[in-house]
Amino acid sequence: MPESVLLPASYVTMAEAEPDLSTFENKSGLAEDMKFLASMPELCDVTFLVGETKEPVCAVKAVLAARSRVFHKMLYQAPSPQRKKEPPPRENKLRLFLKRSSEPLLNLQNASQQRGYTQQLASIQEPQSQQHQTLIIEEFEPDVFRQLIEYIHTGCVTLQPRTLLGVMNAADYYGLDELRRACAGFVQCCINVDTVCALLSSAERYIQYKCTKSLVQKVLEFVDEHGNEVLNLGSFTLLPQHVVRLILARDELQADEFTKFQAALMWGKKYCDNNSTTSLKDVIGNFIEYIQFHKIPANVLMREIHPLQLVPYTTLMNALAYQADPNSVDPGKLSPNRVRRQDQGRSMSVQSSLDPYGSNTTLSSSGSSELASSDGKHNSN
């Protein structure tokens with residue numbers, strides 16, 4: 001699996017310009033020391049509880065604030081609630097005279113109490129910069145956020161496909177433009193058969209971010225060009241159901257129909273292993289409309305598919321009848337989903353609940369890079 005190491009920018013020494021000067025650099029040693037610093041909770045002054053499991057990730061506030069304006073604002077510039085100032089009530093002259101006359105006596109009685117209260121308050125309220133803060137981070141996964149913190153402290157991080165989209169979006173979210181650009185550059189060279197499913201799975205978690213939306217289409221275009229290879233991957237069974245539907249529904253997918261059926265079957269068996277109450281026939285039924293059975297040879301239909309009893313008998317008979325005489329079968333009975341698309345005069349889009357915050361996202365199967373919100377709903381895992 002390809003990896004990329006983002007190293008800190010190098011600095012040019014002044015030895016040539018000034019013969020009497022020499023610059024010694026030990027950036028790797030500094031990076032290791034800073035990595036050690038972030039790994040020791042007793043040396044850190046902020047703890048992030050990350051993700052659904054609230055996994056603790058420690059850091060040094062000063063380092064975070066120096067490297068990211070977002071962290072600086074979060075840790076040091078938290079706005080305090082301001083109350084509207086009200087004008088002091090007016091007092092009549094007699095009450096004002098009595099108040100001023102009693103002030104010396106009240107001051108003598110309360111002086112000692114005031115000093116004790118002030119000392120107690122000072123011991124409780126330490127300056128914000130000296131307090132150990134605990135913050136909750138729900139937007140990112142623990143592995144992703146830990147890599148982000150490592151980069152902020154050391155200037156170095158190992159990029160890998162499994163967490164790449166998360167790190168790229170976290171870098172964009174916290175204003176780390178160099179890291180974001182490095183992730184975007186690595187994406188261009190890391191999309192391959194071995195990583196494409198990992199990238200699609202991570203897109204499930206971060207589809208609401210703009211960096212992911214701009215990348216999903218590139219991944220899907222790669223899937224289109226390498227359809228048979230991708231559908232035969234073991235990692236294909238780990239994709240969410242709506243992503244599998246999205247891939248199988250794409251007109252541009254370069255894969256034969258029997259391979260599509262086998263991919264759906266492989267995914268369905270894996271799903272049923274994890275969900276014993278669901279029948280395989282019901283799972284396969286979610287994908288049948290995206291498979292053109294009339295393009296599968298008759299001997300394969302009867303030898304490989306019919307004995308499984310997962311595809312409706314009428315579907316198989318219509319496919320066989322079409323192969324014998326294309327004019328004998330209404331095309332709508334072969335691929336009702338595709339006919340419906342033609343009638344609507346547009347390409348089909350698969351409703352995807354990739355957004356963890358609940359908004360539906362439409363990924364077009366026509367190859368367009370548009371992603372739009374929709375009110376449609378479908379069943380997904």
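What you see below is based on every heavy atom in this structure, not just the backbone, and it leaves out hydrogens, waters and symmetry mates. Quick caveat, the model's predicted, so the values are computed rather than measured.
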Trace of the side chain to side chain donor-acceptor pair (under 3.5 Å) decision for Tyr206 with Glu141: CA-CA 10 Å; Tyr206 300 107; Glu141 297 170 298; 3.2 Å; yes
Among Arg67, Met74, Arg69, side chain to side chain contact (heavy atoms under 4.5 Å, CB included) partner for Tyr174: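 Single side chain to side chain contact (heavy atoms under 4.5 Å, CB included) partner of Tyr174 among Arg67, Met74, Arg69: Met74.
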Within the structure provided, determine whether [X] and [Y] are in side-chain contact (heavy-atom separation under 4.5 Å).
X: Arg205; Y: Thr212; result: no
X: Leu280; Y: Lys269; result: yes
X: Ile305; Y: Leu316; result: yes
X: Met302; Y: Leu320; result: yes
X: Leu148; Y: Val167; result: no
X: Arg250; Y: Asp224; result: yes
X: Ile207; Y: Val216; result: yes
X: Leu199; Y: Ile191; result: yes

same_hphob_cluster(Met317, Val300) at 4.5 Å side-chain heavy-atom cutoff: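 Yes, same cluster.
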Where is the tightest heavy-atom contact between [X] and [Y], given as atom of each residue plus distance?
X: Phe293; Y: Gln323; answer: O-NE2, 4.0 Å
X: Ala31; Y: Thr154; answer: O-CG2, 3.2 Å
X: Leu265; Y: Ile284; answer: CA-CD1, 3.6 Å
X: Leu165; Y: Ser202; answer: CD1-OG, 3.2 Å

By ring pair (Phe, Tyr, Trp, His ring centres under 6.0 Å) - contacts of Phe48 (at least two apart):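 Counting only residues at least two positions away or on another chain, Phe48 forms a ring pair (Phe, Tyr, Trp, His ring centres under 6.0 Å) with Phe71, Phe145.
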Derivation of the side chain to side chain donor-acceptor pair (under 3.5 Å) call for Thr259 and Asn232: CA-CA 8 Å; Thr259 298; Asn232 283 313; 5.1 Å; no
Parallel, tilted or perpendicular: rings of Tyr209 and Phe140 (30°, 60°):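 The rings of Phe140 and Tyr209 lie parallel, inter-plane angle below 30°.
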Give, for atom [atom1] of [X] and atom [atom2] of [Y], the distance between the pair rounded to the nearest 0.5 Å.
X: Gln147; Y: Leu164; atom1: CD; atom2: CG; result: 9.0 Å
X: Gln262; Y: Glu304; atom1: CD; atom2: CD; result: 7.5 Å
X: Lys35; Y: Ile149; atom1: NZ; atom2: CD1; result: 14.0 Å
X: Leu239; Y: Leu233; atom1: CG; atom2: CG; result: 9.0 Å
X: Leu248; Y: Phe261; atom1: CG; atom2: CZ; result: 11.5 Å
X: His72; Y: Leu64; atom1: NE2; atom2: CG; result: 11.5 Å

Of all pairs that satisfy side chain to side chain donor-acceptor pair (under 3.5 Å), the ones with a partner from residues 272-283, not counting sequence neighbours: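 Only Ser279-Asp282 qualify under side chain to side chain donor-acceptor pair (under 3.5 Å).
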Worked verdict on Thr47 versus Gln133 for side chain to side chain donor-acceptor pair (under 3.5 Å): CA-CA 6 Å; Thr47 299; Gln133 291 181 254; over 6 Å; no
NZ/NE/NH1/NH2 to OD/OE distance under 4.0 Å, Lys260 and Glu257: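 Salt bridge between Lys260 and Glu257, a charged N being under 4.0 Å from a carboxylate O: yes.
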Arg162/Asp143 salt bridge by N-O under 4.0 Å criterion: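 Arg162 and Asp143: salt-bridged.
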Flag, side chain of Asp45 to backbone of Lys61, donor-acceptor distance under 3.5 Å: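 Checked: pair present.
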Main-chain N/O of Asn318 paired with His294 side-chain donor or acceptor, under 3.5 Å: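 A pair under 3.5 Å: no.
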Return all side-chain donor-acceptor pairs below 3.5 angstrom for residues 325-332, not counting sequence neighbours, or 'none' if the list is empty.
unit_1	atom_1	unit_2	atom_2	d
Asp325	OD1	Asn327	N	3.2
Ser328	OG	Ala321	O	3.4
Ser328	OG	Asp325	O	2.6
Asp330	OD1	Gly332	N	3.1

Heavy atoms of other groups near Glu52 CD, more than 12 under 6.0 Å: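 Not buried by this count: 12 neighbours or fewer within 6.0 Å.
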Steps toward side-chain contact (heavy atoms from CB on, under 4.5 Å) verdict (Ile247, Leu200): CA-CA 11 Å; Ile247 292 174; Leu200 285 174; 3.9 Å; yes
